[in-house]
Amino acid sequence: MIPAPTGATRLYVIVGDPIAQVRSPAGVSAEFAARGHDGILVPVQVATADLPEFLSVAGRLMNLDGIVVTIPHKFACYQACASTTERAHFLRTVNLMRRRADGSWHGDMVDGLGFVGAARAKGIDPRGMRALLVGAGGAGSAIALALVEAGVGELAIHDSAAERRDTLIGRLNGLGKAPVRAGTVDPAGFDFVANATPAGMKQGDPLPVDVTRLAPSAYCGCVITKPEISPFIAAARALGCVTATGTDMYRQHQGIMVDFLLGIDGD
(Lines give C-alpha, C1' and ligand atoms only; values in the text may rest on other atoms or scores of the structure.)
Protein backbone atom coordinates (compact mmCIF):
# COMPACT_ATOMS: atom_id res chain seq x y z
CA MET A 1 0.00 0.00 0.00
CA ILE A 2 1.21 3.50 -0.84
CA PRO A 3 1.33 5.70 2.30
CA ALA A 4 -0.67 8.92 2.26
CA PRO A 5 1.55 11.85 1.30
CA THR A 6 2.58 14.34 3.96
CA GLY A 7 4.37 17.66 3.92
CA ALA A 8 7.65 15.77 3.96
CA THR A 9 6.84 13.61 0.92
CA ARG A 10 9.22 14.09 -2.00
CA LEU A 11 7.42 14.86 -5.24
CA TYR A 12 8.04 13.39 -8.71
CA VAL A 13 5.94 14.11 -11.81
CA ILE A 14 5.42 12.41 -15.15
CA VAL A 15 4.85 14.98 -17.88
CA GLY A 16 3.26 14.40 -21.28
CA ASP A 17 0.44 15.29 -23.64
CA PRO A 18 -1.71 13.18 -23.59
CA ILE A 19 -1.11 11.73 -20.12
CA ALA A 20 -4.15 9.54 -19.31
CA GLN A 21 -2.48 6.47 -20.86
CA VAL A 22 0.53 6.30 -18.52
CA ARG A 23 0.92 3.42 -16.09
CA SER A 24 3.93 4.75 -14.15
CA PRO A 25 2.36 6.68 -11.22
CA ALA A 26 1.02 3.73 -9.25
CA GLY A 27 3.94 1.42 -9.98
CA VAL A 28 6.71 3.92 -9.25
CA SER A 29 4.97 5.20 -6.12
CA ALA A 30 4.59 1.61 -4.87
CA GLU A 31 8.27 0.94 -5.62
CA PHE A 32 9.24 4.04 -3.63
CA ALA A 33 7.21 2.72 -0.68
CA ALA A 34 8.73 -0.76 -0.99
CA ARG A 35 12.18 0.79 -0.75
CA GLY A 36 11.25 2.91 2.26
CA HIS A 37 11.38 6.18 0.31
CA ASP A 38 8.74 8.80 1.11
CA GLY A 39 7.96 9.82 -2.47
CA ILE A 40 5.06 9.88 -4.91
CA LEU A 41 4.82 10.14 -8.71
CA VAL A 42 1.89 12.11 -10.12
CA PRO A 43 0.85 12.78 -13.75
CA VAL A 44 0.78 16.29 -15.23
CA GLN A 45 -0.50 17.12 -18.72
CA VAL A 46 1.48 19.92 -20.34
CA ALA A 47 1.14 21.08 -23.95
CA THR A 48 4.29 21.51 -26.05
CA ALA A 49 3.90 25.29 -26.10
CA ASP A 50 3.75 25.37 -22.29
CA LEU A 51 6.69 23.06 -21.61
CA PRO A 52 9.36 25.79 -21.19
CA GLU A 53 7.23 27.56 -18.60
CA PHE A 54 6.49 24.27 -16.83
CA LEU A 55 10.20 23.42 -16.62
CA SER A 56 10.95 26.90 -15.30
CA VAL A 57 8.40 26.43 -12.52
CA ALA A 58 9.56 22.85 -11.86
CA GLY A 59 13.08 24.09 -11.26
CA ARG A 60 11.79 26.31 -8.44
CA LEU A 61 9.72 23.65 -6.64
CA MET A 62 12.02 22.73 -3.78
CA ASN A 63 10.32 19.41 -2.98
CA LEU A 64 10.29 18.22 -6.62
CA ASP A 65 13.15 15.73 -7.03
CA GLY A 66 12.49 14.14 -10.42
CA ILE A 67 10.59 14.17 -13.69
CA VAL A 68 9.54 11.24 -15.87
CA VAL A 69 9.06 12.34 -19.48
CA THR A 70 6.70 10.89 -22.08
CA ILE A 71 5.26 11.86 -25.48
CA PRO A 72 5.97 14.44 -26.94
CA HIS A 73 8.53 16.07 -24.64
CA LYS A 74 11.58 13.76 -24.64
CA PHE A 75 13.73 15.76 -27.05
CA ALA A 76 12.83 19.13 -25.52
CA CYS A 77 13.54 17.92 -22.00
CA TYR A 78 17.01 16.80 -23.06
CA GLN A 79 17.73 20.45 -23.80
CA ALA A 80 16.72 21.34 -20.24
CA CYS A 81 19.30 18.99 -18.68
CA ALA A 82 22.66 20.28 -17.48
CA SER A 83 24.08 16.75 -17.71
CA THR A 84 22.99 13.33 -18.98
CA THR A 85 24.12 9.73 -19.24
CA GLU A 86 26.14 8.76 -22.30
CA ARG A 87 23.19 7.04 -24.00
CA ALA A 88 20.91 10.04 -23.48
CA HIS A 89 23.59 12.35 -24.86
CA PHE A 90 24.05 10.12 -27.90
CA LEU A 91 20.30 10.11 -28.55
CA ARG A 92 19.73 13.78 -27.59
CA THR A 93 16.61 12.67 -25.72
CA VAL A 94 15.59 11.81 -22.14
CA ASN A 95 12.72 10.10 -20.39
CA LEU A 96 14.05 10.65 -16.88
CA MET A 97 15.34 13.73 -15.07
CA ARG A 98 16.57 14.01 -11.48
CA ARG A 99 17.59 17.11 -9.60
CA ARG A 100 21.31 17.57 -9.06
CA ALA A 101 22.78 19.01 -5.88
CA ASP A 102 23.08 22.41 -7.55
CA GLY A 103 19.38 22.40 -8.48
CA SER A 104 19.87 21.64 -12.20
CA TRP A 105 18.69 18.47 -13.97
CA HIS A 106 20.52 15.23 -14.87
CA GLY A 107 18.86 13.07 -17.54
CA ASP A 108 18.75 9.50 -18.83
CA MET A 109 16.86 7.54 -21.48
CA VAL A 110 15.89 3.97 -20.55
CA ASP A 111 13.05 3.17 -22.97
CA GLY A 112 15.34 0.94 -25.00
CA LEU A 113 16.41 -1.06 -21.96
CA GLY A 114 12.78 -1.75 -21.09
CA PHE A 115 11.84 -2.72 -24.64
CA VAL A 116 14.71 -5.18 -25.11
CA GLY A 117 14.18 -6.46 -21.57
CA ALA A 118 10.55 -7.26 -22.41
CA ALA A 119 11.68 -9.27 -25.44
CA ARG A 120 14.20 -11.21 -23.38
CA ALA A 121 11.54 -11.89 -20.75
CA LYS A 122 9.56 -13.61 -23.53
CA GLY A 123 12.58 -15.75 -24.42
CA ILE A 124 13.65 -13.63 -27.40
CA ASP A 125 17.32 -12.69 -27.83
CA PRO A 126 17.68 -10.01 -30.53
CA ARG A 127 21.29 -10.99 -31.26
CA GLY A 128 21.74 -11.77 -34.94
CA MET A 129 18.11 -10.99 -35.83
CA ARG A 130 16.86 -8.87 -38.72
CA ALA A 131 14.90 -6.13 -36.98
CA LEU A 132 12.35 -3.62 -38.26
CA LEU A 133 11.59 -0.59 -36.11
CA VAL A 134 8.70 1.76 -36.86
CA GLY A 135 9.16 5.16 -35.25
CA ALA A 136 12.31 7.26 -34.80
CA GLY A 137 11.06 9.58 -32.06
CA GLY A 138 12.25 9.60 -28.46
CA ALA A 139 11.27 6.02 -27.59
CA GLY A 140 12.11 4.75 -31.07
CA SER A 141 15.60 6.26 -30.97
CA ALA A 142 16.28 4.61 -27.63
CA ILE A 143 14.95 1.25 -28.85
CA ALA A 144 17.10 1.51 -31.98
CA LEU A 145 20.24 2.08 -29.91
CA ALA A 146 19.34 -0.76 -27.54
CA LEU A 147 18.80 -3.15 -30.47
CA VAL A 148 22.15 -2.23 -31.99
CA GLU A 149 23.81 -2.65 -28.60
CA ALA A 150 22.04 -6.03 -28.22
CA GLY A 151 23.75 -7.26 -31.39
CA VAL A 152 21.02 -7.40 -34.05
CA GLY A 153 22.32 -8.52 -37.42
CA GLU A 154 20.52 -5.70 -39.24
CA LEU A 155 18.18 -2.87 -38.33
CA ALA A 156 15.71 -1.16 -40.68
CA ILE A 157 13.97 2.00 -39.44
CA HIS A 158 10.75 3.42 -40.86
CA ASP A 159 9.43 6.85 -39.92
CA SER A 160 7.18 9.28 -41.77
CA ALA A 161 9.65 12.04 -40.87
CA ALA A 162 12.44 11.11 -43.29
CA GLU A 163 14.95 13.64 -41.99
CA ARG A 164 14.58 12.43 -38.40
CA ARG A 165 14.86 8.81 -39.57
CA ASP A 166 17.96 9.46 -41.66
CA THR A 167 19.68 11.41 -38.89
CA LEU A 168 19.19 8.49 -36.51
CA ILE A 169 20.38 5.99 -39.12
CA GLY A 170 23.54 8.01 -39.69
CA ARG A 171 24.34 8.25 -35.99
CA LEU A 172 23.77 4.52 -35.43
CA ASN A 173 25.88 3.52 -38.42
CA GLY A 174 28.63 5.68 -36.96
CA LEU A 175 28.88 3.20 -34.08
CA GLY A 176 30.06 0.52 -36.52
CA LYS A 177 28.14 -2.24 -34.73
CA ALA A 178 25.29 -3.27 -37.06
CA PRO A 179 24.16 -2.10 -40.51
CA VAL A 180 21.22 0.29 -40.17
CA ARG A 181 19.09 1.38 -43.13
CA ALA A 182 15.73 2.89 -44.02
CA GLY A 183 12.79 0.50 -43.84
CA THR A 184 9.16 0.45 -44.93
CA VAL A 185 5.86 -0.74 -43.46
CA ASP A 186 6.52 -4.19 -44.99
CA PRO A 187 7.70 -6.58 -42.24
CA ALA A 188 8.34 -9.51 -44.58
CA GLY A 189 11.69 -11.16 -43.88
CA PHE A 190 12.15 -9.64 -40.42
CA ASP A 191 12.55 -11.69 -37.23
CA PHE A 192 11.91 -8.80 -34.85
CA VAL A 193 9.27 -6.09 -35.47
CA ALA A 194 8.94 -3.12 -33.12
CA ASN A 195 6.28 -0.42 -33.03
CA ALA A 196 7.55 2.73 -31.32
CA THR A 197 4.78 5.02 -32.60
CA PRO A 198 1.43 6.03 -31.03
CA ALA A 199 -0.41 4.23 -33.87
CA GLY A 200 -3.16 2.26 -32.16
CA MET A 201 -3.83 4.57 -29.23
CA LYS A 202 -6.82 6.13 -30.98
CA GLN A 203 -9.78 4.34 -32.57
CA GLY A 204 -9.27 4.09 -36.32
CA ASP A 205 -5.49 4.54 -36.28
CA PRO A 206 -3.74 2.70 -39.13
CA LEU A 207 -1.60 -0.29 -38.16
CA PRO A 208 2.12 0.56 -38.00
CA VAL A 209 3.03 -2.27 -40.41
CA ASP A 210 1.31 -4.43 -43.01
CA VAL A 211 0.40 -7.30 -40.70
CA THR A 212 -0.56 -9.51 -43.65
CA ARG A 213 3.19 -9.68 -44.37
CA LEU A 214 4.22 -10.74 -40.86
CA ALA A 215 5.76 -14.17 -40.42
CA PRO A 216 4.21 -16.23 -37.58
CA SER A 217 7.77 -16.81 -36.33
CA ALA A 218 8.44 -13.06 -35.93
CA TYR A 219 8.62 -11.42 -32.52
CA CYS A 220 6.46 -8.28 -32.24
CA GLY A 221 6.81 -5.62 -29.56
CA CYS A 222 4.87 -2.39 -28.97
CA VAL A 223 5.33 0.68 -26.77
CA ILE A 224 1.61 1.44 -26.38
CA THR A 225 0.15 0.96 -22.88
CA LYS A 226 -3.44 2.03 -23.57
CA PRO A 227 -5.11 0.01 -24.89
CA GLU A 228 -2.98 -2.60 -23.16
CA ILE A 229 -3.25 -4.87 -26.20
CA SER A 230 -2.82 -2.60 -29.19
CA PRO A 231 -4.38 -3.52 -32.56
CA PHE A 232 -0.88 -4.35 -33.84
CA ILE A 233 -0.23 -6.76 -30.98
CA ALA A 234 -3.71 -8.30 -31.36
CA ALA A 235 -3.07 -8.92 -35.06
CA ALA A 236 0.37 -10.39 -34.37
CA ARG A 237 -1.04 -12.73 -31.72
CA ALA A 238 -3.73 -13.89 -34.14
CA LEU A 239 -0.91 -15.01 -36.46
CA GLY A 240 0.85 -16.87 -33.64
CA CYS A 241 3.68 -14.37 -33.09
CA VAL A 242 5.41 -14.05 -29.72
CA THR A 243 4.56 -10.54 -28.50
CA ALA A 244 5.20 -8.00 -25.75
CA THR A 245 3.05 -4.98 -24.93
CA GLY A 246 3.95 -1.53 -23.72
CA THR A 247 2.95 -2.66 -20.23
CA ASP A 248 5.45 -5.54 -20.48
CA MET A 249 8.07 -2.96 -21.45
CA TYR A 250 7.15 -0.74 -18.52
CA ARG A 251 7.40 -3.63 -16.04
CA GLN A 252 10.94 -4.30 -17.22
CA HIS A 253 12.21 -0.78 -16.70
CA GLN A 254 10.29 0.31 -13.60
CA GLY A 255 13.15 -0.71 -11.32
CA ILE A 256 15.68 1.01 -13.58
CA MET A 257 13.60 4.20 -13.46
CA VAL A 258 13.41 4.19 -9.68
CA ASP A 259 17.15 3.51 -9.35
CA PHE A 260 17.81 6.57 -11.48
CA LEU A 261 15.31 8.84 -9.70
CA LEU A 262 16.82 7.90 -6.33
CA GLY A 263 20.37 8.42 -7.59
CA ILE A 264 21.52 4.82 -7.11
CA ASP A 265 22.08 4.01 -10.79
CA GLY A 266 25.83 4.57 -10.62
CA ASP A 267 25.80 7.38 -13.18
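For the single chain, residues carry numbers from 1 onward in sequence order. Excluded from the calculations below are hydrogen atoms, water molecules and symmetry mates; all remaining heavy atoms, backbone and side chain alike, are included.
- Here H89 pairs with nothing under the ring pair (Phe, Tyr, Trp, His ring centres under 6.0 Å) rule; sequence neighbours left out.
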What pairs of donor and acceptor atoms, side-chain ones from residues 137-148 against any protein atom, are under 3.5 angstrom apart with sequence neighbours left out?
| residue | atom | partner | partner atom | Å |
| --- | --- | --- | --- | --- |
| S141 | OG | A136 | O | 3.2 |
| S141 | OG | G137 | O | 2.7 |

- Start with the C-alpha gap between D108 and R98, add the side-chain angles, then the distance that decides, and say whether salt bridge (Lys or Arg N to Asp or Glu O under 4.0 Å) holds. CA-CA 9 Å; D108 197 3; R98 71 166 179 251; over 6 Å; no
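- With hydrophobic clusters built from ILVMFWY side chains whose heavy atoms lie under 4.5 angstrom apart, I2 does not share a cluster with L11.
- Partner of M97 under the side chain to side chain contact (heavy atoms under 4.5 Å, CB included) criterion, out of D65, V13, I67: I67 alone.
- In this structure, V28 is a member of the same hydrophobic cluster as V22, with clusters built from ILVMFWY side-chain heavy atoms closer than 4.5 Å.
- Looking at D111 and K74, a side-chain N of the basic residue comes within less than 4.0 Å of a carboxylate O on the acidic one, giving a salt bridge.
- A donor-acceptor pair under 3.5 Å is formed between the side chain of T245 and the backbone N or O of D248.
- Y12 and H37 have perpendicular rings, their planes meeting at more than 60° on a 0 to 90° scale where under 30° would count as parallel.
- Expressed to the nearest 0.5 Å, how far CZ of F192 lies from CG of D125 amounts to 10.0 Å.
- A continuous path of Ile, Leu, Val, Met, Phe, Trp and Tyr side chains, each step under 4.5 Å between heavy atoms, connects V180 with M109, placing both in one hydrophobic cluster.
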- Query: After noting the C-alpha distance and the side-chain angles of K202 and D205, does the key distance pass the salt bridge (Lys or Arg N to Asp or Glu O under 4.0 Å) rule?
  - Reply: CA-CA 6 Å; K202 296 178 182 177; D205 279 350; over 6 Å; no
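- Ion pairing between a basic and an acidic side chain is recognised when a charged N comes within 4.0 Å of a carboxylate O; E149 and R87 show no such pairing.
- Remark: D210 does not engage R213 in a salt bridge, criterion side-chain N to carboxylate O under 4.0 Å.
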- Task: Kindly determine whether R171 and D166 satisfy salt bridge (Lys or Arg N to Asp or Glu O under 4.0 Å), including the steps that lead there.
- Result: CA-CA 9 Å; R171 290 179 62 77; D166 293 344; over 6 Å; no
